[in-house]
Amino acid sequence: MPCTWVTSDLQLLLSLTLFLVAVNISLPVLVDTTAELYCPPVLWTTVVVATWEIVLRDKAPCFRAYRADTNETTSGNCTDERIIWSSRLDQNPALQIGPVAITHDGYYRCQKVAPNGNFHRGYHLQVLVPPEVTLVQSENGTVVCKAVAGKPAAQISWTPEGDCVTEQNPHGGNGTVTVWSMCYWKARHVPNVSCTVSHVTGNKSLFLELNQG
Ligand SMILES: *[C@@H]1O[C@H](CO)[C@@H](O)[C@H](O)[C@H]1NC(C)=O
Ligand SMILES: *[C@@H]1O[C@H](CO)[C@@H](O)[C@H](O)[C@H]1NC(C)=O
Ligand SMILES: *[C@@H]1O[C@H](CO)[C@@H](O)[C@H](O)[C@H]1NC(C)=O
Ligand SMILES: *[C@@H]1O[C@H](CO)[C@@H](O)[C@H](O)[C@H]1NC(C)=O
Ligand SMILES: *[C@@H]1O[C@H](CO)[C@@H](O)[C@H](O)[C@H]1NC(C)=O
Ligand SMILES: *[C@@H]1O[C@H](CO)[C@@H](O)[C@H](O)[C@H]1NC(C)=O
């Protein structure tokens, strides 16, 4: 008897701990890659049903479920064919998203129902898109550096610093942003300039030898 008490206390403590650590996870994912989303780590033999709830921007939330006792997926109402169950459902009912598109930005939550409680793990999935970077000099001598359609917005810096105007424009309503910066170096003789685009997907520097015409 004491032994049972210890075990159930331990289980209670364990499930309380799991409840407490079952937080929302921020998950940045590069566009066009494959992402795996895992359910909370609950002893799998005790789980009855695992459900994924998917909430995408501008869409009704949809559901998918897996019953452990019958080893079956029940027909949910998620229709995106790029979101699938990972291969070993009976071991861990993870979701696989691939290739990740910009429309997969959203909230994904796994709920595991077990006799000792319900366990949740949520992911805020943020799709990252690297910007396309260009650096050109226009006829009047100004130099323009552009970071086109990045997500989130990139940052532009110059070496050496010039007299610059920098602006951001949302691009086509899909969450990407185009940033451009236009500079001139009138007062000094500057032979070369470089534009550095800083972005979570990686930084890029472009160099340009200025035409002093
Ligand atoms: C899926 O089902 C849920 C509950 O039955 C409903 O609220 C939701 O709108 C449905 N989603 C879609 C995309 O049909
Ligand atoms: C569950 O079903 C899959 C195939 O759908 C099978 O490979 C697996 O062995 C089954 N697992 C159990 C525990 O029955
Ligand atoms: C230089 O040309 C660009 C377009 O090519 C224009 O936007 C900018 O205003 C011009 N700058 C000056 C100082 O005339
Ligand atoms: C976002 O929209 C812009 C403009 O329509 C397009 O050029 C760009 O490729 C889109 N980006 C993604 C990742 O879909
Ligand atoms: C400018 O760039 C060119 C080629 O990138 C290099 O050969 C040259 O030394 C640079 N000049 C200065 C002053 O940095
Ligand atoms: C990119 O640049 C930013 C600031 O400009 C810096 O904080 C970051 O460490 C750089 N990232 C890489 C991978 O070099």
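Just so you know, ligand 1 is whichever comes first in the structure, and atom 1 is the first atom listed for that ligand.
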**Message:** Among all the protein's heavy atoms, is there at least one whose distance to atom 14 (O) of ligand 6 comes out below 4.0 Å?
**Reply:** yes
**Asked** Tell me, which protein residue and heavy-atom name are nearest atom 5 (O) of ligand 4, and how many Å apart are they?
**Response** Gly172 CA, 4.1 Å
**Message:** A quick test of your reading: do over 12 heavy atoms of other residues, nucleotides or ligands sit less than 6.0 Å from CD of Gln155?
**Reply:** no
**Message:** Tell me whether the rings of Trp158 and Trp185 are parallel (<30°), tilted (30 to 60°) or perpendicular (>60°).
**Reply:** perpendicular
**Request:** Check whether any side-chain heavy atom of Val143 sits under 4.5 Å from a side-chain heavy atom of Tyr184, and report yes or no.
**Result:** no
**Item:** pair Ile54-Lys59: side-chain heavy atoms closer than 4.5 Å
**Value:** no
**Prompt:** What's the shortest distance from atom 2 (O) of ligand 6 to any protein heavy atom, and which residue and atom give it?
**Reply:** Asn203 ND2, 2.4 Å
**Asked** Quick one: which ligand 6 atoms are inside 4.0 Å of a heavy atom on Ser198?
**Response** 2 (O), 4 (C), 5 (O)
**Request:** Among all protein heavy atoms, pick the one closest to atom 1 (C) of ligand 1 and tell me residue, atom and distance.
**Result:** Asn77 ND2, 1.4 Å
**Request:** Could you tell me whether Glu72 and Arg67 have a side-chain N and a carboxylate O separated by less than 4.0 Å?
**Result:** no
**Asked** Could an N or O of ligand 1 be found under 3.5 Å from any N or O of Pro61, whether backbone or side chain?
**Response** yes
**Prompt:** Are the sulfur (SG) atoms of Cys183 and Cys145 separated by under 2.5 Å?
**Reply:** no
**atom 4 (C) of ligand 1 - nearest protein heavy atom and its distance** = Phe63 CE1, 3.9 Å
**Complete:** closest protein heavy atom to atom 7 (O) of ligand 4 is His171 CE1, 3.7 Å
**Request:** Enumerate the atoms of ligand 4 whose separation from the nearest heavy atom of Thr176 is less than 4.0 angstrom.
**Result:** 1 (C)
**Prompt:** With respect to Val197, which candidate in Ser205, Pro130, Pro131 satisfies the side-chain contact (heavy atoms from CB on, under 4.5 Å) definition?
**Reply:** Pro131
**Message:** Please check whether Asn174 reaches ligand 4 - meaning an N/O of the residue sits under 3.5 Å from an N/O of the ligand, judged on distance alone.
**Reply:** yes
**Asked** Would you say atom 9 (O) of ligand 4 touches the protein, meaning some protein heavy atom is under 4.0 Å from it?
**Response** no
**Message:** Under 4.0 Å, counting heavy atoms only: does Ile102 come that close to any atom of ligand 4?
**Reply:** yes
**Asked** Under 3.5 Å, side chain of Arg64 to main-chain N/O of Ile83, donor-acceptor pair present?
**Response** yes
